[in-house]
2 protein chains.
Amino acid sequence: MAVTLADVAARAGVSAATVSRVLSGNYPVAGGTRTRVLRAVEELEYVVNGPASALAAASSDLVGVLVHDIADPFFGIIASAVQSEMESGGERGPGPGRKLAVVCNTGGSPEQELTYLTLLQRQRAAAVVLTGGAVEHPEHSPAIALRLRRLAAGGTRVVLCGRPPLPEPGTAPETAARPAAPARNRAGGDADEPLTIAFDNRGGARRLTEHLLALGHRTIGYVAGPAERTTTRDRLEGHRRALHEHSPGLLADADRLTVHGAYDRSSGYDGALELLRRAPEVTAVLGANDTVALGICAALREQGLRIPEDVSVAGFDDLPFSADAAPAMTTVRLPLHQAGVRAGRLALGREAPPPGGVATVRAELTARASTAPPRAGGTPAGGPG
Amino acid sequence: MAVTLADVAARAGVSAATVSRVLSGNYPVAGGTRTRVLRAVEELEYVVNGPASALAAASSDLVGVLVHDIADPFFGIIASAVQSEMESGGERGPGPGRKLAVVCNTGGSPEQELTYLTLLQRQRAAAVVLTGGAVEHPEHSPAIALRLRRLAAGGTRVVLCGRPPLPEPGTAPETAARPAAPARNRAGGDADEPLTIAFDNRGGARRLTEHLLALGHRTIGYVAGPAERTTTRDRLEGHRRALHEHSPGLLADADRLTVHGAYDRSSGYDGALELLRRAPEVTAVLGANDTVALGICAALREQGLRIPEDVSVAGFDDLPFSADAAPAMTTVRLPLHQAGVRAGRLALGREAPPPGGVATVRAELTARASTAPPRAGGTPAGGPG
DNA sequence: CTGTTAGCGCATTCAG
DNA sequence: CTGAATGCGCTAACAG
């Protein structure tokens, strides 16, 4: 673990500077010299010392990707799309300029998020991509926003993917030391401002509920995610907006028909049971996402209810398994992979920032077999006890 | 992005060395001084420069976790277990000594694996954890083994989790420059040798097939993973061993009853269809893992076959969704989380290496509702056209 | 307990 | 096109 640039230089009979130049590739070097250097590198099995190079160049090739749950395909798809973007920059292997995209699992906790941001800032990461909804917390949210702006100001590219744009600095609590740089032309999307790829959760949820209403459903249960998540709030808002627009009276029951839980299968299962207890007359149940919807299906089936004959079920995200669940799941399609690719390109500065720094991607209704008109009587056949 | 140790030192009225010492915490510093330094750090919003510190200390706090597919819960569970181990080392936040566990998605490709290993070596990672089966490739495998040994020799802790131990150096092709250090006491498990947590895939698969045989099945289809993966090979071997031990004649049909595919749902789906075409008389179908098994179920159902009445199905791994699939999936339980935790501890040097450097964890048969005795007639009721 | 002194390995000037 | 010199920010001996 000791072969350095100098060793290579000695072996190739050139100076360290020259070796550095051929390795960086961003400077003219004579063909013969280059070959000799490369050969020496091979023979000595030399591997650049990242920290040293980062220190000297004042920049590292680390790109952090923060996800809530690494075991959730929603994040897996986005993260691998971001990573794939790192390697498609011309060469394949670990060439010069090759970024190392690393994913960090925050467990959806703002503290963890802050911890990872600090760790990444410490590494002087070239970019940071935050994926998934933000947690709204009176104390943490401003802290995270502050740290993100600081990272951006320090040259780290910050990209938000699937979470709402950062609120305008506004009235900073106290730490407003510097006189908030005179807002430069925001339309241009400064490279040192956090960039955002937002999902149209509100619109998607709204279209999904409209679909159910059009089918004839009037008593629609909703197993939502954690209350403090922006994703949860947006989807719920879209749902209620659709309800309201169809008929204001439908909102009266909304709270009773909503239960909150995590974005996982078991909360779908538990939530559906709770809903059935509160309102046995539901004819449809929406899940916070596809995974939750699967849990809902499991619970309903165990209660002897058929899908969609007795109860319609729908999810959100359109993860791969949703298409071939039984029955195929009605859901809202989010272009996860595409969004991840774009986030990666933005993080690398390979794509022009969207106007205003924010791009919103569409969430498209994908109607499949798990939703159908409610039973004539409105009461399920083999209902629970 | 310019506040340095010196700035903090100046502000606190001490020397840079002292600041470094309070920040590292591994050296006695007077209480008053410490407080003043910490206050200066706060006020200046100082964040350590990782690269500089790594360079000076000749060690970084990066820990790489390589996975085949980040969107697959199998890897997600292991990876998050490893990560959780990084933070549980006393403090929570980004304190000194806090390691940054980052996961890298190789897509199961040896080239990618090699690329990430180089990138990690470049960063002088403190440890590297490789998860999941290895790909057996005449050219890449030795290359990877070589690089892993080199990493280990260079002080990076290398841990293999869910893949077989590295083969003994043996007859290195050509790059055997150094005279292979005289094998030190292997029983002690040198810190600079790759450590392994292997899964008993062979034994698990064998017990699973024995379960099916005990139930009365004789024509068992097998939708295996990619042929060149060690995991695939081991599970298949276990399966065939069970077949052979029950009655050598059963092996005659083994090839016809085996199809290969990826470790995903669609290959389970396609594989089941192919199997039905080749051998409509199958009474049971095994999947390479739980995800594949789910695909198998989907295909069988579409063909009008009931599970387990017409055909029994079983998976491997016991991922969370398997327990509440419908019907609940018979599978082989692998202690993924536990293995990840252990890998993390080994990577951090917090746990003594297992004797010989290799620990094998048990794979336990978990019989549930998706397997049952075959139909009396042996021929399914509503078989495909 | 604390300050001083040297590098860590590399990327850049700046001269040739 | 190439070499010599300088410093990135920090840690690790050494002295006090």
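Convention: sequence-line order gives letters A, B, ...; per-chain numbering from 1. These numbers come from the heavy atoms of this one structure, side chains and all, not from hydrogens, waters or symmetry mates.
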Side-chain N or O of T33(B) versus OP1/OP2 of dT2(C): is the shortest distance under 4.0 Å? yes

**Asked** With a 4.0 Å cut-off, would you call R163(A) and E113(A) a salt bridge?
**Response** yes

For this session: For Q123(A) and D61(B), test the side chains for any donor-to-acceptor distance below 3.5 angstrom and give the result as yes or no.
Result: yes

From CG of L55(B) across to P of dG7(D) the rounded distance in Å is 17 Å

The residue, A6(B) or A30(A), whose nearest nucleotide of DNA chain D is more 5′ is A30(A)

Protein heavy-atom contacts under 4.0 Å, written 5' to 3' over nucleotides 11-16 of chain C as B (base), S (sugar-phosphate only) or - (none), form the string BBB---

On the nucleotide dG9(D), are OP1 or OP2 found under 4.0 Å from the side-chain N or O atoms that T4(B) carries?
no

**Prompt:** Is the NZ or CZ atom of R98(A) both under 6.0 Å from the centre of the six-membered ring of Y116(B) and within 45° of that ring's axis?
**Reply:** yes

Assess whether side chain to side chain contact (heavy atoms under 4.5 Å, CB included) is satisfied between L166(A) and V158(A), documenting all intermediate values.
CA-CA 11 Å; L166(A) 249 39; V158(A) 176; 6.0 Å; no

Sidechain N-carboxylate O distance under 4.0 Å for R342(B), E85(B): no

Atom CG of D61(B) and atom C1' of dT11(D) are separated, to the nearest Å, by 14 Å

Rounded to whole Å, CZ of R122(B) lies from P of dG9(C) at a distance of 17 Å

* Asked: Does any donor atom in the side chain of T18(A) or S15(A) lie under 3.5 Å from an acceptor atom in the other side chain?
  -> yes

